Amino acid sequence: MSFRIHRWLLAGVAAAAAALLGTSTLASADSAPVDNSAAPYAVEDFAYPDAAKILQDTGATLTSGDGHITLAADCSTAQIRISTRLPKTQPNGYRICFNATSSTGFLALSVPEVFGIETDDRALTASITTNGQTQTVNVAKDELKGVGEGVQGGSPTVLLELRVTA
């Protein structure tokens, strides 16, 4: 007889637990969804956080990029070197140097008075503006390309964009 009571008691406890769990599940299913229409959209604008700090003391400004071209601390091991007549406040003298972390990359910036673009192990295209005209310059892998005043009779040039192509 006690076995039968014990079995009925366990069945009752199990039924009560199932009823409680089922009720809470139904209650949460019936509640209205949360309104998240005011939440901001996740849109990548490719803007660099703290861009002003990255190229500080160079006279250059960093606008945006995809993160695959990064500022190099040491020009001797950098893959991309920009020669400029900016004030010599950089540890690398008149050069601003970058590394490419991928076979493709994009960096929009403004570097005034550029006269040379040099690459190691990467090919790239550079958008420059001279006398109000913008043009694209191809720089092959392991090449030093003169631009602006780095070309005979050239005028001051502003580097606007770098794109690693291979």
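Everything quoted here is computed from the prediction, not taken from an experiment. Residues take their numbers from the sequence shown, with the count starting at 1.
Within the model, atoms OH of Tyr94 and SG of Cys75 stand 14.0 Å from one another, a figure rounded to the nearest 0.5 Å. In this structure, CD1 on Ile80 lies 11.0 Å from CG on Leu71, to the nearest 0.5 angstrom. For the atom pair OG1 of Thr104 and CG of Asp66, the computed distance is 6.5 Å after rounding to the nearest 0.5 Å. Atoms CG and CD1, on Asn99 and Ile69 in that order, are 10.5 Å from each other to the nearest 0.5 Å. Going from atom CG of Leu124 over to atom CD of Glu143 covers 9.0 Å, rounded to the nearest 0.5 Å.
Take Thr130 and apply the side-chain hydrogen bond (donor to acceptor under 3.5 Å, both in side chains) test, not counting sequence neighbours, and it matches Thr157. Ala100 is linked by a side chain to side chain contact (heavy atoms under 4.5 Å, CB included) to Gln79, Arg122, Val164, counting only residues two or more places apart in sequence or in another chain. Listed by chain and residue number, Ala123, Thr125 satisfy the side chain to side chain contact (heavy atoms under 4.5 Å, CB included) test with Thr165 (two or more places apart in sequence, or in another chain). Applying the side-chain hydrogen bond (donor to acceptor under 3.5 Å, both in side chains) rule to Asp120 yields the partners Arg81; only residues at least two apart in sequence or on another chain are considered. With sequence neighbours left out, the side-chain hydrogen bond (donor to acceptor under 3.5 Å, both in side chains) criterion links Thr77 to no other residue.
Using a 4.5 Å heavy-atom cutoff, the side chains of Thr101 and Thr70 are in contact. By the 4.5 Å heavy-atom criterion applied to side chains, Val158 and Ser110 are counted as neighbours. Contact check for Val147 versus Phe115: no side-chain heavy atoms found under the 4.5 Å cut-off. By the 4.5 Å heavy-atom criterion applied to side chains, Ile117 and Leu144 are not counted as neighbours.
In plain terms, the two heavy atoms of Gly146 and Val151 that are nearest each other are O-CG2, 3.1 Å. Taking each heavy atom of Val111 and Ala60 in turn, the nearest pair found is CG2-CB, 3.7 Å.
Checked by atom type and distance alone, the side chain of Thr84 pairs as donor or acceptor with a backbone atom of Glu113 at under 3.5 Å. Of the possible polar contacts, one joining the Lys145 side chain to the Asn138 backbone as a donor-acceptor pair under 3.5 Å is found. Listed for the Asp142 side chain is a donor-acceptor partner under 3.5 Å among the backbone atoms of Asp121.
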Next item on the list: Using the side-chain contact (heavy atoms from CB on, under 4.5 Å) rule, take Asn131 and Gln133 through it: C-alpha gap first, then chi angles, then the decisive distance, then the call.
Entry: CA-CA 6 Å; Asn131 297 327; Gln133 294 184 335; 5.7 Å; no

Next item on the list: List the steps and the verdict of side-chain contact (heavy atoms from CB on, under 4.5 Å) for Gln135 and Ile128.
Entry: CA-CA 6 Å; Gln135 64 181 0; Ile128 60 173; 3.4 Å; yes

Checklist line | Phe98 vs Leu162, side-chain contact (heavy atoms from CB on, under 4.5 Å): CA-CA, chis, key distance, verdict | finding: CA-CA 10 Å; Phe98 300 95; Leu162 294 172; 4.2 Å; yes

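Residue pairs meeting the salt bridge (Lys or Arg N to Asp or Glu O under 4.0 Å) criterion with at least one partner in residues 146-158, sequence neighbours excluded, are Arg85-Glu149.
Look at Glu161 and Arg163 and you find a salt bridge, because one of the NZ, NE, NH1 or NH2 atoms lies within 4.0 Å of a carboxylate O, short of that distance.
Linking ILVMFWY residues whenever their side-chain heavy atoms come closer than 4.5 Å, directly or via other members, places Val137 and Leu107 in the same cluster.
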